[in-house]
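First the proteins, then the strands, lettered A, B, ... as listed; each starts at 1.
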2 protein chains.
Amino acid sequence: MPEPLLLPVADQPPVERADAARNREALLCAARRLVEERGVGCVTMEAVAAAAGVGKGTVFRRFESREGLMAAVLDFSESAWQASVISGPPPLGPGADPWERLIAFGRSRLETTLVHADLIRAAGATGSRAVGAYSFTAMHVQHLLGQLGVDGDLPVLATALLAPLEIPILEQQMSLGGFPVERLMAGWEDLARRITGR
Amino acid sequence: MPEPLLLPVADQPPVERADAARNREALLCAARRLVEERGVGCVTMEAVAAAAGVGKGTVFRRFESREGLMAAVLDFSESAWQASVISGPPPLGPGADPWERLIAFGRSRLETTLVHADLIRAAGATGSRAVGAYSFTAMHVQHLLGQLGVDGDLPVLATALLAPLEIPILEQQMSLGGFPVERLMAGWEDLARRITGR
DNA sequence: AATAGAAGCGGACCGTGGTCCGTTTAGGCC
DNA sequence: GGCCTAAACGGACCACGGTCCGCTTCTATT
């Protein structure tokens with residue numbers, strides 16, 4: 001019976017061939033290096049391809065688009081940060097009381113977002129960053145709000161609380177409004193206080 | 001005395017030559033038309049130039065960049081909206097009590113933002129839209145918050161209240177979160193209630 | 001009306017993101 | 001090991017945003 005010779009065991013992820021995986025790694029590596037030493041804006045797809053010793057087509061096959069590649073690069077630091085939220089030391093990690101965790105979360109998120117601003121912008125709304133980062137932060141904040149006894153539409157409230165920490169809004173406030181970071185942080189804490197009804 | 005022949009009377013705006021103004025108008029017109037009939041994504045700078053009967057260079061000289069051009073196109077509807085906030089009928093315009101105005105503002109802003117979503121995205125953070133729209137909405141909300149007796153860092157609070165109405169955040173919620181518009185609006189109202197301490 | 005010089009113009013040109021397709025290669029099966 | 005097919009590859013190619021520079025046109029001044 002000429003059934004599909006390579007039976008699709010786990011359906012969704014059609015497993016990556018060995019050379020493909022190797023290339024993905026090499027590309028990611030090269031991209032990371034180039035971004036670090038030249039800045040996001042000066043890294044072209046062709047340069048990444050060359051640095052990894054592959055053709056340009058390969059970059060796009062592995063990462064879909066520039067945004068996709070940048071998202072992948074970003075994922076690196078992002079996962080580290082997520083880990084420190086999930087299992088790092090308090091007050092960011094578990095152990096502190098919810099309110100302190102929330103404040104620590106806000107400050108930490110604000111800081112890392114600013115640090116990776118360029119990369120985040122370059123990653124656009126695509127790739128795992130968008131969906132991954134968003135759902136993680138949203139879930140976490142939602143959880144903390146729950147612990148703090150907030151009632152209402154938690155998913156939406158969480159998003160509202162996260163919104164001022166997103167790049168586009170931060171940029172607005174810093175460049176157009178001219179607010180210093182410290183003021184933004186204080187403002188965010190105030191917002192959290194009002195939302196949680198403290 | 002070879003002083004500057006064209007004395008710089010009002011300093012900043014070096015006045016536009018007649019033909020330049022004509023071209024600007026023609027370009028804006030063409031851009032508006034093309035955007036309407038093909039959608040933002042399918043309008044190239046070259047097409048706009050051709051439709052207006054000028055060279056590509058001219059488009060860029062008048063509008064700086066694609067973002068700049070799109071911002072200019074957007075300005076059209078944006079000003080109309082601003083006018084209806086400043087001097088239109090209540091509850092959006094003056095006359096209603098601050099709370100009702102605030103709610104009407106939120107709903108109206110949400111709606112118009114969604115209607116022009118593509119254009120806003122294409123206009124990026126550049127041009128008059130960004131600075132103009134931002135400062136207008138921020139000022140207005142700030143003003144209403146003041147009237148409602150809110151105390152605290154009003155400029156920052158206003159931004160926080162506006163953030164969930166910005167395209168990137170709306171997109172997150174709608175596409176990733178899957179929330180329907182009505183829920184977002186309800187959530188925003190709730191947020192406003194908490195911020196104003198109602 | 002003539003002049004001069006700044007402002008505007010156009011379109012060839014460039015760099016980059018993204019696509020396409022003929023060729024190569026991995027790796028399951030006999 | 002040899003075969004065979006799907007997957008992966010590479011780099012020529014395309015489209016579009018943006019720049020540049022030699023030429024044209026406007027307009028203030030006389």
Close approaches to DNA chain C from residues 44-60 of chain B, in residue order (heavy atom, under 4.0 Å):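 Heavy-atom cutoff 4.0 Å gives B/Val54, B/Gly55, B/Lys56, B/Gly57, B/Thr58.
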
Output the distance between atom CD1 (A/Ile167) and atom CZ (A/Arg121), rounded to the nearest 0.5 Å.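 Answer for the CD1-CZ pair, A/Ile167 versus A/Arg121, is 5.5 Å.
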
Distance, nearest 0.5 Å, that separates CG of B/Asp153 from CZ of A/Arg183: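 The distance works out to 4.0 Å.
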
Distance under 6.0 Å and angle within 45° of ring axis: A/Arg24 vs A/Phe63: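 Output yes; distance and angle both within limits.
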
Which nucleotide in the list D/dT25, C/dT25, D/dG10 gets nearest to the side chain of A/Arg17?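 Minimum distance to the A/Arg17 side chain belongs to C/dT25.
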
[X] [atom1] to [N] [atom2], straight-line distance once rounded to whole Å:
X	N	atom1	atom2	answer
B/Phe63	D/dG18	CZ	C1'	16 Å
A/Glu64	D/dA8	CD	P	13 Å
B/Arg61	D/dG22	CZ	C1'	13 Å
A/Glu16	C/dA26	CD	P	15 Å
A/Glu67	C/dG18	CD	C1'	13 Å
A/Arg66	C/dG18	CZ	C1'	13 Å
A/Asp19	C/dT23	CG	C1'	14 Å

Quick one, B/Val181 and B/Gln173 - any side-chain contact, counting heavy atoms below 4.5 Å?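 No - every pair of side-chain heavy atoms lies 4.5 Å or more apart.
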
Under a 4.5 Å cut-off applied to non-hydrogen side-chain atoms, are B/Leu157 and A/Arg194 in contact?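 Yes, side chains in contact.
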
Would you classify A/Arg22 as touching base, sugar-phosphate or nothing, given that sugar-phosphate means primed atoms plus P, OP1 and OP2, and contacts are heavy atoms under 4.0 Å?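 Contact class for A/Arg22: none.
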
Could you check whether A/Arg62 gets within reach of a base, just the sugar-phosphate, or nothing at all, counting any heavy atom under 4.0 Å?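 Sugar-phosphate: the residue A/Arg62, judged by heavy atoms under 4.0 Å, touches backbone atoms but no base.
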
Which residue, A/Ala20 or B/Val43, contacts DNA chain D at a nucleotide closer to its 5' end, judged by nearest heavy atom?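 First, find each residue's nearest nucleotide; the 5'-ward one identifies A/Ala20.
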
In terms of the angle between their ring planes, are B/Phe136 and B/Trp81 parallel, tilted or perpendicular, with boundaries placed at 30° and 60°?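 Correct class here is perpendicular.
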
Do B/Met70 and B/Val40 pass the side-chain contact (heavy atoms from CB on, under 4.5 Å) test, and can you show the C-alpha distance, the side-chain angles, and the key distance before you say yes or no? CA-CA 8 Å; B/Met70 293 312 177; B/Val40 180; 4.2 Å; yes

